[in-house]
2 protein chains.
Amino acid sequence: MNPNDLNERKLQILQAIIADFITTGEPVGSRSLSKSHDMGISPATIRNEMSDLEDMGYLTHPHTSAGRVPSDKAYRLYVDELMDTSELPEEDKQKIRSKLLESRNELDSTIEHAAELLSDMTNLTSFVLMPRKDESKLKYINFLPVDSNTVVLMIVAEDGQVMNRAIRLSVPYTEENLQLMSKVMTHNYRGKSISAVMAMDIIDSFTNDMQSLSGLAQDVVPSFLKTLEKMLNADLVMNGYSNIFSLPEFSTDMQKTQNFLKMLEDKSKLTDVIVNRDKGVMITIGDENSEDMKDLSLITADYRVNGELVGRLGVIGPTRMKYGKVTSVIKYISDNISQTFELKENNDVKDDSNDDGSADEQDS
Amino acid sequence: MNPNDLNERKLQILQAIIADFITTGEPVGSRSLSKSHDMGISPATIRNEMSDLEDMGYLTHPHTSAGRVPSDKAYRLYVDELMDTSELPEEDKQKIRSKLLESRNELDSTIEHAAELLSDMTNLTSFVLMPRKDESKLKYINFLPVDSNTVVLMIVAEDGQVMNRAIRLSVPYTEENLQLMSKVMTHNYRGKSISAVMAMDIIDSFTNDMQSLSGLAQDVVPSFLKTLEKMLNADLVMNGYSNIFSLPEFSTDMQKTQNFLKMLEDKSKLTDVIVNRDKGVMITIGDENSEDMKDLSLITADYRVNGELVGRLGVIGPTRMKYGKVTSVIKYISDNISQTFELKENNDVKDDSNDDGSADEQDS
DNA sequence: GTTAGCACTCAGGTGTTGAGAGTGCTAACA
DNA sequence: TGTTAGCACTCTCAACACCTGAGTGCTAAC
């Protein structure tokens with residue numbers, strides 16, 4: 001069953017079938033194949049080879065008198081060995097670069113643009129996992145008064161992540177209490193990782209150490225924990241889910257479309273799947289995925305910020321997708337993000353107070 | 001054309017037709033109507049009345065030999081005059097109350113739960129507009145160092161809204177510069193409304209007043225403006241878009257489904273529509289909406305926090321929806337949110353002399 | 001004014017048929 | 001022995017006719 005069982009001609013035929021099926025979505029017959037790809041052999045010969053390929057599990061048959069359709073195994077072989085992984089045309093590269101440059105100063109916008117680019121250029125549903133790091137450490141915790149019974153909890157992590165949440169209090173508070181609370185919590189948790197703090201017995205430490213705050217703590221601590229949890233949970237941005245309608249096999253099969261869209265609606269499940277994938281470019285095809293994605297393919301890649309792996313982006317679509325093109329686009333986009341947010345070594349935080357004369361630069 | 005043209009019997013027949021059509025989705029015929037609603041007249045009489053109602057624009061005819069279907073005008077009459085607006089059953093009320101209580105200390109979670117409840121209980125697509133206020137005033141602006149070329153901009157408004165964004169700098173910065181920048185911007189914009197600040201000529205004031213910061217300002221100001229814009233833009237949360245598949249008229253008509261989902265995908269347009277609706281409970285039916293929603297109905301209501309109008313929630317679905325039930329659910333949920341976040345008068349802030357000291361909170 | 005009766009209409013389901021695209025097998029060929 | 005032409009067979013799909021059921025509009029009688 002390993003690819004070496006396949007002679008040169010079988011490979012050539014398989015490749016041609018996959019290429020045809022990817023573009024048309026129709027089962028490929030021996031006669032039409034021999035017409036479209038001139039490989040100097042008759043349809044009868046192709047039929048014999050096809051029959052062998054079917055026995056080996058690379059092709060299937062919707063019904064006796066239909067053409068052949070590639071199996072998941074065939075796509076796997078195609079992706080591993082046969083696929084055309086040529087460079088992206090300069091035009092596409094240009095489009096990606098200019099769109100990402102638009103917002104090169106802001107990671108968040110860049111990420112959103114990346115998702116748009118990805119779905120536009122592949123005509124599939126794209127997703128981007130926003131940068132979240134489990135090990136990121138807390139920097140400070142702050143409470144801001146809003147009105148007489150509402151405060152905003154703000155948590156800032158060392159890596160710049162900021163999360164906030166409005167909390168309604170059932171007991172009165174004073175500004176002094178809030179500031180004390182901020183100080184105590186910052187002091188207790190600063191420099192600790194989010195998961196470490198979540199594992200601590202917070203309520204207990206409060207009621208013991210700070211009697212005066214224990215009333216406040218009752219209201220605040222559950223929200224604090226929920227907010228930490230939210231900081232851990234990766235945030236999934238999706239784009240172009242209605243692209244699915246442009247594919248004939250979906251726009252004629254309501255059930256399939258419905259399953260697809262329902263699957264996308266369960267974001268937390270999808271996030272789980274994406275988070276748990278391998279690093280680098282990863283392609284999973286059909287039944288290599290879990291049950292509810294067993295006739296879909298998933299391609300993901302990572303992007304880095306300052307050399308550190310922070311997020312993941314990719315597409316999801318039918319197994320019949322243009323693997324070569326899609327992979328190139330994903331790779332190019334992720335590399336481009338990583339490059340844009342590359343650490344510039346000569347650009348360090350200076351601790352001295354004098355300004356550096358840059359003021360003159362835009363005086364006109 | 002006013003409803004007074006309709007005698008009692010016509011109203012009764014119209015109401016019966018609408019009720020039947022809303023539950024079945026099938027055109028209603030005279031014979032089946034006389035069977036299901038015993039109103040003591042024969043199908044022939046009903047036919048005559050139906051014919052009159054059709055002439056008056058309340059009913060239409062998909063084709064000669066089909067039953068009658070209510071027009072948008074009929075739904076309007078139904079909603080205004082005929083609809084059963086009975087109280088929600090205690091069971092449903094209980095369900096809403098307990099779900100909303102789960103997160104009564106946090107507005108954000110409550111809002112999300114409300115959207116879930118709404119789509120679950122109506123089997124439609126629900127949306128909630130997160131609280132955003134155009135007139136909210138800035139409280140302070142803060143920059144946090146992340147790494148040698150990244151800082152986080154954090155904007156806090158008086159109403160507790162916090163927005164942040166990572167900014168990549170092209171010039172080096174010092175901690176002192178950041179703190180100076182925070183102080184200057186906070187001093188300049190504090191107490192001003194977001195829209196007022198956006199209207200100011202920010203770059204100019206920087207280059208004039210603060211030569212030393214102008215290099216930083218080049219990078220920071222565009223992001224600052226974008227972030228303010230984001231604070232103004234209401235954030236739309238949606239839920240249950242795949243509920244549409246449970247309706248026969250959508251699950252058999254791919255084109256309709258596709259239009260619906262594509263319409264939902266353009267969030268900014270939908271947000272615009274929702275923002276610009278009347279206060280209170282508002283129902284718009286079919287062609288009362290804009291072109292791309294002309295065979296849908298939209299029901300919205302507002303919710304308040306501390307007596308102040310802050311957000312809006314609602315559902316979108318086919319004109320054939322259970323207006324009575326849906327309206328009751330929306331009303332009950334919005335009232336419940338408003339009640340939960342009611343101002344408690346006896347619960348005041350004791351001291352609000354100094355609330356921008358938070359900029360130095362970070363190095364405690 | 002109401003109703004029964006009747007002719008008429010139309011969508012949708014069923015059955016048939018033929019075309020087209022495909023396969024598998026066999027026998028002949030190089 | 002691998003390759004190919006030929007042929008019988010299979011299956012989908014679109015077109016077509018046909019029938020049925022639900023509905024309408026009209027008319028005449030109650």
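Below, chain A is the first sequence line, B the second, and so on; all start at residue 1.
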Chemist: Counting just side-chain N and O atoms, does A:Ser32 come under 4.0 Å of either OP1 or OP2 of C:dG22?
Modeler: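 Yes, A:Ser32 has a side-chain N/O under 4.0 Å of OP1/OP2 on C:dG22.
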
Chemist: How many Å lie between CE on B:Met50 and P on D:dT24, as a whole number?
Modeler: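 Value for this atom pair: 6 Å.
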
Chemist: Just the rounded figure in Å: distance from P of D:dT12 to NE2 of A:His63.
Modeler: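 Atom NE2 in A:His63 sits about 5 Å away from atom P in D:dT12.
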
Chemist: Is the phosphate of D:dT24, meaning OP1 or OP2, less than 4.0 Å from a side-chain N or O of B:Ser51?
Modeler: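 Checking B:Ser51 against D:dT24: no side-chain N or O falls below 4.0 Å of OP1 or OP2.
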
Chemist: Are the aromatic rings of B:Tyr241 and A:Tyr241 close, with centres under 6.0 Å apart?
Modeler: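 When the ring centroids of B:Tyr241 and A:Tyr241 are compared, they turn out to be within the sub-6.0 Å range.
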
Chemist: Any donor-acceptor pair under 3.5 Å joining the side chain of B:Arg31 to the base of D:dG23?
Modeler: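 Check fails, no donor-acceptor contact within cut-off.
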
Chemist: For residues B:Thr45 and B:Arg9, is any side-chain donor paired with an opposing acceptor at under 3.5 Å?
Modeler: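 No, no side-chain donor-acceptor pair sits under 3.5 Å.
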
Chemist: Quickly work out the B:Asn7 CG to C:dG1 C1' distance and round it to whole Å.
Modeler: 12 Å

Chemist: We want to know whether A:Ser30 and A:Arg47 form a side-chain donor-acceptor pair, criterion being a heavy-atom distance below 3.5 angstrom.
Modeler: yes

Chemist: Checking contacts here: which listed nucleotide (D:dT24, C:dT2, C:dG24) is nearest the side-chain heavy atoms of A:His61?
Modeler: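 Of the candidates, C:dG24 comes closest.
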
Chemist: What is the distance from CZ of B:Phe21 to P of D:dA22, rounded to the nearest Å?
Modeler: 18 Å

Chemist: Any N or O donor-acceptor pair under 3.5 Å from the base of C:dT9 to the side chain of B:Thr64?
Modeler: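 No such pair is found, so the answer is no.
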
Chemist: Measure CE/A:Met39 against P/D:dT4 and give the value in whole Å, please.
Modeler: 13 Å

Chemist: Is the closest side-chain donor-acceptor distance between B:Asn243 and B:Ser119 under 3.5 Å?
Modeler: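 Checked: B:Asn243/B:Ser119 side chains show no N/O donor-acceptor pair below 3.5 Å.
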
Chemist: Which nucleotide, in any strand shown, forms a Watson-Crick or G-U wobble pair with D:dT27, with both distances under 3.5 Å?
Modeler: C:dA4

Chemist: Tell me whether the OP1 or OP2 atom of D:dT4 has a side-chain N or O from A:Thr45 closer than 4.0 Å.
Modeler: yes

Chemist: Hey, which of these two, A:Ala66 or B:Pro43, hits DNA chain C nearer its 5' end, going by closest nucleotide?
Modeler: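 Whichever sits nearer the 5' end wins; that is B:Pro43.
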
Chemist: Just checking, is any N or O donor in the side chain of A:Ser268 or A:Asp266 under 3.5 Å from an acceptor N or O on the other one?
Modeler: yes

Chemist: So, OP1 or OP2 of C:dT23: does either fall under 4.0 Å of a side-chain N or O from A:Arg68?
Modeler: yes

Chemist: What's the CD-P distance between A:Glu49 and D:dT1, to the nearest Å?
Modeler: 17 Å

Chemist: Specify the separation, in whole Å, of atom CG of B:Asp52 and atom P of D:dC26.
Modeler: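 For the pair B:Asp52 CG and D:dC26 P, the rounded distance is 12 Å.
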
Chemist: Round to the nearest Å and state the distance from B:Asn48 atom CG to C:dG5 atom C1'.
Modeler: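 So the two atoms are 14 Å apart, to the nearest Å.
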
Chemist: Below 4.5 Å, heavy atoms only, C-beta onward: do B:Tyr332 and B:Asp92 meet side chain to side chain?
Modeler: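 No. Closest side-chain heavy atoms not under 4.5 Å.
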
Chemist: Taking pairing as Watson-Crick or G-U wobble with both contacts under 3.5 Å, can you name the mate of C:dT14, or confirm there isn't one?
Modeler: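 D:dA17 is the nucleotide pairing with C:dT14.
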
Chemist: Is any N or O donor-acceptor pair between the side chain of A:Ser42 and the base of D:dT4 shorter than 3.5 Å?
Modeler: no

Chemist: May I ask you to say what A:Ala44 touches in the nucleic acid, namely base, sugar-phosphate or nothing, with a heavy-atom cut-off under 4.0 Å?
Modeler: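 Counting heavy atoms under 4.0 Å across all strands, the contact made by A:Ala44 includes a base.
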
Chemist: Within less than 4.0 Å of OP1 or OP2 of D:dT27, is there a side-chain N or O belonging to B:Arg47?
Modeler: no

